Number of protein chains: 4
Amino acid sequence: MEKMTSRQEQKIRTQQKIVEAANTCFIRKGMAYTLITDICEEAEVSVGTFYHYFNNKNDLIISQFKKFDMGFLEVAHRLIDNPDAWDSLIQFAHFFSRDASVSDKTLTLEYLKARVSLTVEQLFPRNRPYFIILCTVIYNGQVRRQLRADQTPQQLADLVMAATRGYNFDWASMDGAYDLHLRMQQDMPILFEGFRYREEYPYQLCDPAAVIPVQNVPKLYEQETAQLREYCESRLLR
Amino acid sequence: MEKMTSRQEQKIRTQQKIVEAANTCFIRKGMAYTLITDICEEAEVSVGTFYHYFNNKNDLIISQFKKFDMGFLEVAHRLIDNPDAWDSLIQFAHFFSRDASVSDKTLTLEYLKARVSLTVEQLFPRNRPYFIILCTVIYNGQVRRQLRADQTPQQLADLVMAATRGYNFDWASMDGAYDLHLRMQQDMPILFEGFRYREEYPYQLCDPAAVIPVQNVPKLYEQETAQLREYCESRLLR
Amino acid sequence: MEKMTSRQEQKIRTQQKIVEAANTCFIRKGMAYTLITDICEEAEVSVGTFYHYFNNKNDLIISQFKKFDMGFLEVAHRLIDNPDAWDSLIQFAHFFSRDASVSDKTLTLEYLKARVSLTVEQLFPRNRPYFIILCTVIYNGQVRRQLRADQTPQQLADLVMAATRGYNFDWASMDGAYDLHLRMQQDMPILFEGFRYREEYPYQLCDPAAVIPVQNVPKLYEQETAQLREYCESRLLR
Amino acid sequence: MEKMTSRQEQKIRTQQKIVEAANTCFIRKGMAYTLITDICEEAEVSVGTFYHYFNNKNDLIISQFKKFDMGFLEVAHRLIDNPDAWDSLIQFAHFFSRDASVSDKTLTLEYLKARVSLTVEQLFPRNRPYFIILCTVIYNGQVRRQLRADQTPQQLADLVMAATRGYNFDWASMDGAYDLHLRMQQDMPILFEGFRYREEYPYQLCDPAAVIPVQNVPKLYEQETAQLREYCESRLLR
DNA sequence: AATGAATGAGTGTTCATTCAT
DNA sequence: AATGAATGAACACTCATTCAT
């Protein structure tokens, strides 16, 4: 059993080494110009070994997206438990874009660009974890009359997502020329102003059972999503 | 003189033929998978001829962006002369994204994705034509107390541009899965709600002379930009 | 260990096969007109394999020069131990040009022409093996009063080298129109007549420690040169 | 007739412009890397015009050799009339290599390299002008008992030529790393020492009528060679 | 599990040359 | 005589992927 463990450890360590080497190369030469052999050299691993762990470069890249997404779960509680839903939306945009400052900027840019061009549909399905969180936050905000309720939480969540992602992509398309966080700090309050509850808007809460979308959970996220959904459902205001 | 003309005409016709063939191929196989030879076959032109007109595929692609940009000038008047500045912002977002519906959708997607990965900084400088238009529209809106004036026109224009471009890129990242125009029709009024003039905001008009940015006009646009700037300056409300 | 050996053997065999195929092609079509694919076909190897072993055609050609140079070491002993130094100079010229008769004449011509145009300065540095040999031979000849001693061994060695190489290049420039060895047999005794010791010349032996030049040994030859230098130093007459 | 002249002048001027442009390019980028279009751009002439005057790049290059050769005729008199034949041989080597210092060094290198690799047999035929001069000088030296007469003037002339050309090629192969003229000044007296008349050598003058070779005058030189031969014959000592 | 030699289809690019204007 | 648009064969080199060891 110890042997098994040491083998498994070895396995994970090698895979980890490859991923890190890949990121180092991505930063150094850019994703498009990083060759399999570059990664192998950097990881001090043979080409054969690379193919033992990944089918190809894209496979490796996609495997990284989960990490980005999952890192986000940590803040779910804070967003959901924030009594000010409108502020939560602002926070959401910031958390979503945290990679732009937290990890290496160049690397974040590379992954953002990859997201646009890779066109992996599974990449941004409605029910990816943060969409669930967002719907919960918005619904609760509607209940508390902090957010407009003339549209369903999912519709508004789509809007928040599109604006947030858009800001990320735009920043990437400008090659990170400006400080994304600073810009978001200035801009999001203006862009999200329209989300605030106003008397003049119709007020129409949706069925609480329909707040959290259910379709098409990619297997990659199945487990984590199940947990998250349960938590969110338990926090829905009635 | 006739001789000159016939040669020049021929030249333009050939170049045009290549561009159209390229777009046909981009739609058929995608930009990344379109070979120079594909384009040449489609255009019924030799490889040498292609390289006589363009340095490479990227060169051709970039040359197309100018066309997209310049096509936008046609609507400048409508936007600037629209008495409702807030509505102009909404219209702007629509016009900016018109390619998504006007020309072939696949082609638009290809170009949008290309924009993200090309990383041509010159692609979106502040004073590209529509930025000038936008500043004009916003300033006039501020003068008319239709738009908030606690930020400079340029700051707000940046915001509008980022949101609009972001929406385009997001749509592209989803591979055009939804109807961009429909979504914009629904979402922009909400996102731009925060631009409206409100009594509670500070009201601070900027120096009219500083409305239209002047730096770094890329040579590609020099001529057209000069004309446009003149027009915009003449339309600024005092 | 056996496994290692079999792989390494295979590697050397493949590389050898490529080199031989290249030479076959050079003879058949000339260096300039030999394509990488020609070599690969002849060697029954894929293009990729060629590039696995060499960066390009030039790389392969340069790698061959070492072989030529190193083959020369075999005669070092004979030249140095020859009691008649003047005769050694004549022999040197012959040995240096032996390829012109030993291996294929066409091939030798091709390599000579390549040498002229390659402009690899490292190709003929002063301390390339035969320069060391030559200095030793000349110094010993000066000690024995067989060769003039009004110039340093290095100066005279330069002269011998230039004349010898020059004869080779000239022969190449005439496309091997005459028999190089016959010509050398006739001409070298006349050209080298001036190297003989004569009473009327000043006689000035240089410092034995300075006979063999030390600077800039190209890495390619480091090891072999070290051995050779040691040998030559041990044979210097005092 | 004036029109004709002006046309012809124009023609010669254009051709001259092309040649000069070519040389400029050769210096700037090297012969091998100079494209026809480079030359045309430099000459401010269309590609079509280039092909109007030359068949190809080689054609242009070969056309230049004549100039080099003919420039040499100027010194013929000085060499032939020099009472010291041995000194004339030394002078010959210098004059032959004068381009190395007179015109642009890089250009000279390029042409020398071209000579080796072009393999134009007509390039160095025995009876190229300077061969005739050399035979005359040597024969007269033999008559005056300044030069050894155990070999025919043509044999010795071959030797002088080979050594001289060889020195040039060697210099070129080293990419002009040393000062050719300085080296020649030092080395030629040693290398040519063996040409001196000595009592111990057999003395056998050849038939004066056979001194100057007659075969294979390339058309390119026909005219000038005829004049030169006549002059040389008139200067032969009897 | 790890290696790395071998593969070869794929593709961008070059550039001398032609010929209609 | 001069132009320069058009040609297209020619070629070097890449790099993801396989598989025997």
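Everything numeric here is computed off the predicted structure, so don't read it as measured data. Letters A, B, ... mirror the listed sequences (proteins, then strands); counts begin at 1.
- Between the P atom of F:dG4 and the CD atom of B:Q8 lies a distance of 11 Å, rounded to the nearest Å.
- Of the candidate nucleotides E:dT7, E:dT18, F:dG8, F:dG8 has the atom lying nearest to any side-chain atom of B:S46.
- The interatomic distance linking D:I39 (CD1) with E:dT17 (P) rounds to 12 Å, in whole Å.
- Side-chain atoms of D:K113 do not come within 3.5 Å of backbone N or O of D:D175 as any donor-acceptor pair.
- Distances from the side chain of D:Q10 to the nucleotides F:dA2, F:dA6, F:dA16 place F:dA2 closest.
- Remark: F:dA1 base-pairs with no nucleotide; criterion is Watson-Crick or G-U wobble with both hydrogen-bond distances under 3.5 Å.
- Atom CD of B:Q15 and atom P of F:dG4 are 16 Å apart (whole Å).
- At least one donor-acceptor pair under 3.5 Å links the side chain of B:K57 to the backbone N or O of B:T34.
- Between E:dG12, E:dT17, F:dA16, one nucleotide has an atom nearer to the side chain of B:L35 than all others, and that is E:dG12.
- Contact annotation: A:H52 side-chain N/O to E:dA1 OP1/OP2 distance is under 4.0 Å.
- Base pairing of E:dT17 is made with F:dA6, judged by Watson-Crick or G-U wobble geometry with both donor-acceptor distances under 3.5 Å.
- Checking E:dA1, E:dG4, F:dG4 against the side-chain heavy atoms of A:Y53 singles out E:dA1 as nearest.
- Checking side-chain atoms of A:E110 against main-chain N and O of A:G30 turns up no donor-acceptor pair under 3.5 Å.
- Salt-bridge annotation for D:E42 and D:K17: absent, with no side-chain N of the basic residue lying under 4.0 Å from a carboxylate O of the acidic one.
- The side chain of B:V45 lies closest to F:dT7 when the candidates are F:dA12, F:dA1, F:dT7.
- Distance, C:Y51 OH to F:dA16 P: 17 Å, rounded to whole Å.
- In this structure, C:F54 atom CZ and F:dT14 atom C1' are separated by 18 Å, rounded to whole Å.
- Nearer the 5' end of DNA chain E, as judged by each residue's closest nucleotide, is the contact made by C:F50, out of C:F50 and B:T37.
- Map C:E44 and B:I36 each onto its nearest nucleotide of DNA chain E; the residue landing nearer the 5' end is C:E44.
- Considering only side-chain N and O atoms, D:T49 lies under 4.0 angstrom from the phosphate OP1 or OP2 of F:dT3.
- When B:D38, B:D104, B:L109, B:I61 are each tested for a side-chain contact (heavy atoms from CB on, under 4.5 Å) with B:F26, only one passes: B:I61.
- Each of C:V47 and B:T14 was assigned the nucleotide of DNA chain F with the nearest heavy atom; the assignment lying further toward the 5' end belongs to B:T14.
- The side chain of C:K57 lies closest to F:dA12, out of F:dA12, E:dG12, E:dA16.
- Residue contacts shown for C:K11 are limited to sugar-phosphate atoms, with no base heavy atom under 4.0 Å away.
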